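Lettering of chains follows the sequences in order, A, B, ..., and the numbering in each one begins at 1. Source: prediction; values computed, not measured.
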Amino acid sequence: MNPEIRVRFAPSPTGYLHIGGARTALFNWLFARHHGGKFVLRIEDTDKTRQVEEATAAIYEGLRWLGLNWDEGPHVGGDFGPYLQSDRTHLYERYLKKLQDDGHIFEDQGALRFRSPREHVIVDDLVCGRIDFDLTNPGTHPDMTIRRPDGSWIFHFVNVIDDLEMKISHVIRGEDHLSNTPKHIEIFRALGARPPCYAHIPLILNKDGSKMSKRDEGARVEYYIKRGYLPAAVCNYLCLLGWSPKDNREKIDIDEIIRIFDLNQVGRSHATFDPDKLHWLNGEYARELSDSEFYDLGVAKLKSSGVKIDNYPEEYVRAALQTCKGKINTFDELPAYCGFYFTDDFDYNPEGVAKHFNTENKPLLKAVRDAFSALQKFDASEIEATLKATATNLGVRVGQIVHPTRLAVTGSNVGPSLYHLLEVLGKEKALARIDRAFSNF
RNA sequence: GGCGCGUUCGUCUAGUGGUUAGGACACAGCCCUCUCAAGGCUGGUGCACGGGUUCGACUCCCGUACGCGCUGCCA
């Protein structure tokens with residue numbers, strides 16, 4: 001559609017992918033995909049990091065997990081590489097020379113500074129609108145350093161050179177860079193180049209209004225990977241932070257977002273990250289998973305959290321997980337939810353015991369046991385019919401026998417459908433667990 | 001301190017001069033129901049404040065407050 005559109009995500013190798021960075025990457029990616037342009041990944045390791053590969057691994061992993069594939073960058077190459085700043089020093093030297101020749105640079109105790117033209121700089125931001133920065137006062141806007149005495153480069157300079165060299169058409173980045181933009185424009189102009197278009201997107205804040213920092217739980221994409229979130233849900237949620245389809249939709253497929261996304265729907269005010277809403281949205285996506293997707297994800301989570309499922313036939317595990325589908329929002333909740341399928345040695349919920357394992361209920365549970373033992377076919381519909389008939393015979397509501405039974409066979413007050421869970425467990429195990437429960441009355 | 005940006009329910013947001021200020025999450029209640037979810041219904045809470053402009057301001061202008069960002073030889 002428009003190959004001239006080139007955007008980039010330019011993280012520094014910190015060892016993790018920040019959720020705010022992921023959102024910035026996402027908006028860049030959406031913009032590129034919407035316009036049929038290119039999404040470039042560039043690592044800003046201004047040569048102070050040796051182990052770039054290790055430190056960038058989490059960034060690559062996070063982006064891939066979110067599905068934000070880059071058209072140019074590390075691993076995939078491209079016509080404007082290399083894509084690691086530490087490999088681009090020759091370029092910076094060349095541009096520095098040019099600036100020096102034109103008298104824009106002066107030395108200050110060994111460091112090199114860019115001499116500001118001392119003018120007003122207008123930033124026409126695609127999100128923030130037109131902003132007039134007055135840079136005429138050296139006292140408030142000192143000349144920026146672009147290279148340290150040890151020869152290493154400062155962000156402002158290399159960032160501009162790379163955007164220029166890589167033919168970046170739109171710089172979409174966090175609002176924390178808004179005040180830096182006029183300085184960047186000054187360098188572009190000193191080089192005789194036209195600056196790219198800018199779009200500064202609002203920051204993501206914590207509950208308490210502070211900037212989300214790496215120390216905050218949930219500030220890293222890694223956290224959501226580990227906790228069993230679905231990438232599609234996280235992406236969708238991130239889109240809703242600072243961007244709106246303006247038609248009250250919340251759950252929107254990424255393809256649809258690509259179709260309708262544009263910078264003019266991006267808001268200007270900061271957004272607070274709301275884990276509850278993400279949790280809800282993840283549940284929406286989890287409920288739509290196919291049976292086999294749910295099974296694969298469920299098995300992975302059970303294994304990684306130490307639930308021993310290897311001793312059970314695949315069909316048993318499959319049936320067990322099937323009873324959990326639609327019930328959980330994140331896979332993190334799964335082990336606690338269905339662990340009873342995979343061990344006979346579970347504790348009973350104390351509140352449940354107090355409420356349901358009492359002398360009044362004991363004969364009721366006994367009746368259930370007898371009714372079950374008489375069953376030839378131990379499937380959900382038979383079990384349901386039996387429980388209902390038993391309740392009728394005893395003159396109680398079915399709930400009154402369901403609760404003690406559930407507690408007896410799962411140890412919990414909540415869980416999958418009792419009828420279906422009993423079918424999966426099987427008659428033998430169900431009877432044994434009921435028998436075991438009697439000693440707790 | 002200076003400069004910049006922002007401010008609609010607790011949170012994410014719709015809204016661009018006249019709306020009963022809409023939706024979603026969360027919360028509460030009810031329905032459904034074998035529990036929990038899901039689903040359905042109902043409810044409460046919001047335009048930061050003060051001046052203007054206007055017949056009329058959440059919407060426009062100015063100021064104040066508060067928040068955030070930049071102000072590095074961090075990115």
Side-chain angles (χ1 to χ4, degrees), chain A residues 10-14 21 44-46 48 85 108-113 123 125 127-129 131-135 137 139-142 144-156 158-159 173-183 200 202-205 207-211 237 239-251 265 267-281 283-284 286-287 324-329 333 337 352 356 380 383-384 387-388 391 397-403 405-407 410 412-422:
Chain A
S12 55
T14 48
E44 304 219 330
D45 62 326
T46 37
K48 65 181 177 193
Q85 285 188 334
D108 176 19
Q109 290 174 23
L112 297 183
R113 289 182 185 271
V123 176
D125 194 279
V127 171
C128 303
I131 305 163
D132 183 342
F133 289 91
D134 179 0
L135 304 191
N137 184 352
T140 56
H141 297 273
M144 70 182 130
T145 305
I146 65 165
R147 199 175 74 173
R148 302 184 189 88
D150 70 358
S152 58
W153 302 97
I154 303 297
F155 155 78
H156 299 295
V158 294
N159 184 268
R173 63 197 348 178
E175 199 202 83
D176 47 341
H177 285 297
L178 183 57
S179 297
N180 291 326
T181 305
K183 295 191 281 195
H200 288 89
L203 265 22
I204 297 179
L205 269 29
K207 280 268 190 230
D208 65 2
S210 64
K211 196 169 156 182
Y237 177 71
C239 286
L240 263 20
L241 249 29
W243 171 84
S244 166
K246 299 188 186 291
D247 58 8
N248 288 339
R249 279 183 293 177
E250 306 286 337
K251 181 175 176 297
Q265 303 132 341
R268 298 179 66 172
S269 54
H270 295 169
T272 303
F273 192 88
D274 183 0
D276 286 337
K277 186 155 179 177
L278 204 210
H279 188 257
W280 162 77
L281 194 55
E284 292 291 301
R287 272 166 225 116
C324 304
K325 194 165 170 252
K327 302 285 209 160
I328 57 168
N329 278 8
E333 299 158 28
Y337 194 78
H356 302 298
I383 292 165
E384 178 173 358
L387 276 169
K388 286 182 173 164
R397 294 175 50 120
V398 67
Q400 201 169 338
I401 59 176
V402 158
H403 297 303
T405 307
R406 172 184 299 283
L407 187 63
T410 72
S412 175
N413 302 321
V414 302
S417 158
L418 179 65
Y419 311 140
H420 296 83
L421 124 213
L422 282 167

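- Here the separation of B:U16 from B:C30, taken at their P atoms, is 38 Å to the nearest Å.
- Here B:C70 presents its P atom at 10 Å from NE2 of A:H156, a figure rounded to the nearest Å.
- Pair assignment for B:G44: none, as no Watson-Crick or G-U wobble contacts are both less than 3.5 Å.
- At the heavy-atom level, A:L240 lies under 4.0 Å from the strands shown only through sugar-phosphate atoms.
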Short N/O separations, protein against nucleotides 63-69 of chain B, under 3.5 angstrom:
| residue | atom | partner | partner atom | Å |
| --- | --- | --- | --- | --- |
| B:G69 | O2' | A:D176 | O | 3.2 |
| B:G69 | N2 | A:S179 | OG | 3.1 |

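- With a cut-off of 3.5 Å on both Watson-Crick or G-U wobble distances, the partner of B:U11 is given as B:A24.
- In the model, A:R406 has no side-chain atom that pairs as donor or acceptor with a side-chain atom of A:T410 under 3.5 Å.
- B:A65 and B:A24 have their P atoms separated by 38 Å, with the value rounded to a whole Å.
- In this structure, the CZ atom of A:F133 is 7 Å from the P atom of B:C5, given to the nearest Å.
- Where A:R249 and A:F155 each meet RNA chain B at their nearest nucleotide, the meeting point lying more 5' is that of A:R249.
- For A:N180, the side-chain atoms get nearest to B:A75 when compared with the rest of B:A75, B:C34, B:C5.
- At a threshold of 4.0 angstrom between heavy atoms, the contacts of A:K327 include nucleobase atoms, whether or not backbone atoms are also involved.
- For the residue pair A:P13 and A:E44, the shortest heavy atom distance occurs at CD-O, 3.5 Å.
- A distance of about 16 Å separates the P atoms of B:G72 and B:G2, rounded to the whole Å.
- For the C1' atom pair drawn from B:G63 and B:A14, the interatomic distance equals 29 Å after rounding to whole Å.
- Considering A:V398, A:I401, A:L387 as possible partners of A:L418, the one that fulfils the side chain to side chain contact (heavy atoms under 4.5 Å, CB included) test is A:L387.
- Residue contacts shown for A:G399 are absent, as no nucleic acid heavy atom lies under 4.0 Å away.
- Between A:T145 and A:L112, the closest side-chain pair of non-hydrogen atoms is not below 4.5 Å.
- Using modelled atom types and a 3.5 Å distance limit, the side chains of A:H420 and A:E384 yield no donor-acceptor pair.
- When the P atom is compared between B:C41 and B:C55, the two are found 44 Å apart, to the nearest whole Å.
- Nucleic acid contact class of A:E44 (heavy atoms, under 4.0 Å, all strands): sugar-phosphate only.
- Nucleotide B:G1: paired with B:U71 (Watson-Crick or G-U wobble, both distances less than 3.5 Å).
- The base of B:C34 sits within donor-acceptor range of the side chain of A:R406, with an N or O pair under 3.5 Å.
- For the pair A:R397 CZ and B:C34 P, the interatomic distance rounds to 9 Å; values are reported in whole Å.
- Within the 4.5 Å cutoff, the side chain of A:R113 has no heavy atoms near those of the A:I146 side chain.
- As rounded to the nearest Å, B:A38 and B:G46 have P atoms that lie 27 Å from one another.
- Going from atom CG of A:L135 over to atom C1' of B:U71 covers 12 Å, rounded to whole Å.
- A salt bridge links A:E250 with A:K277: at least one charged nitrogen is closer than 4.0 Å to a carboxylate oxygen.
- Atoms CZ (A:R287) and P (B:C36) sit 15 Å apart, rounded to a whole Å.
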Pairwise N/O distances under 3.5 Å, protein to nucleotides 25-33 of chain B:
| residue | atom | partner | partner atom | Å |
| --- | --- | --- | --- | --- |
| B:C25 | O2' | A:K277 | N | 3.3 |

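- Remark: A:T272 is in phosphate contact with B:C12, judged by side-chain N or O atoms under 4.0 Å from OP1 or OP2.
- Distance noted for atom P between B:C60 and B:U8: 14 Å (whole Å).
- When the P atom is used for both B:C62 and B:C3, the distance is 16 Å, rounded to whole Å.
- Between B:C73 and A:R113, a contact under 4.0 Å exists linking OP1 or OP2 to a side-chain N or O.
- Side-chain contact check for A:R147 versus A:I154: every heavy-atom pair is 4.5 Å or farther apart.
- Aromatic ring pairs are classed by plane angle as parallel below 30°, tilted from 30° to 60° and perpendicular above 60°; the pair A:Y237 and A:F273 is perpendicular.
- Note on A:E284: only backbone sugar-phosphate atoms sit closer than 4.0 angstrom, heavy atoms only; bases stay farther off.
- Pairing for B:C66 is with B:G6, a Watson-Crick or G-U wobble pair whose two hydrogen-bonding atom distances lie under 3.5 Å.
- For B:A75, the OP1/OP2 oxygens have a side-chain nitrogen or oxygen of A:T46 closer than 4.0 Å.
- One can place CZ of A:R173 at 12 Å from C1' of B:C70, the figure rounded to the nearest angstrom.
- Nearest-nucleotide positions on RNA chain B place A:N248 closer to the 5' end than the other of A:N248 and A:S12.
- Within the nucleic acid shown, A:G283 has no heavy atom closer than 4.0 Å to any nucleic acid atom.
- A close approach under 4.0 Å does occur between a side-chain nitrogen or oxygen of A:R148 and OP1 or OP2 of B:C74.
- If you check every strand for non-hydrogen atoms under 4.0 Å, A:Q109 touches a base.
- Contact annotation: side chain of A:T140 to base of B:C3, donor-acceptor pair absent below 3.5 Å.
- Atom NZ of A:K183 is separated from atom P of B:C3 by 16 Å (rounded to the nearest Å).
- A:P142 comes within contact range of the sugar-phosphate backbone alone, with a heavy-atom separation under 4.0 Å but no base atom that close.
- Of the candidate nucleotides B:G39, B:C34, B:G6, B:C34 has the atom nearest to the side chain of A:S417.
- Going from atom CG of A:D132 over to atom C1' of B:C5 covers 14 Å, rounded to whole Å.
- A salt bridge links A:D247 with A:R249: the closest approach of a Lys/Arg side-chain nitrogen to an acidic carboxylate oxygen falls below 4.0 angstrom.
- Atom CG of A:L203 and atom OG1 of A:T272 lie 11.0 Å apart (nearest 0.5 Å).
- Under the 3.5 Å distance criterion, the side-chain polar atoms of A:E333 are matched with a main-chain donor or acceptor of A:N329.
- A 4.5 Å side-chain heavy-atom check between A:H356 and A:V402 finds every atom pair outside the cut-off.
- B:G18 and B:C55 make up a base pair, with Watson-Crick or G-U wobble contacts both under 3.5 Å.
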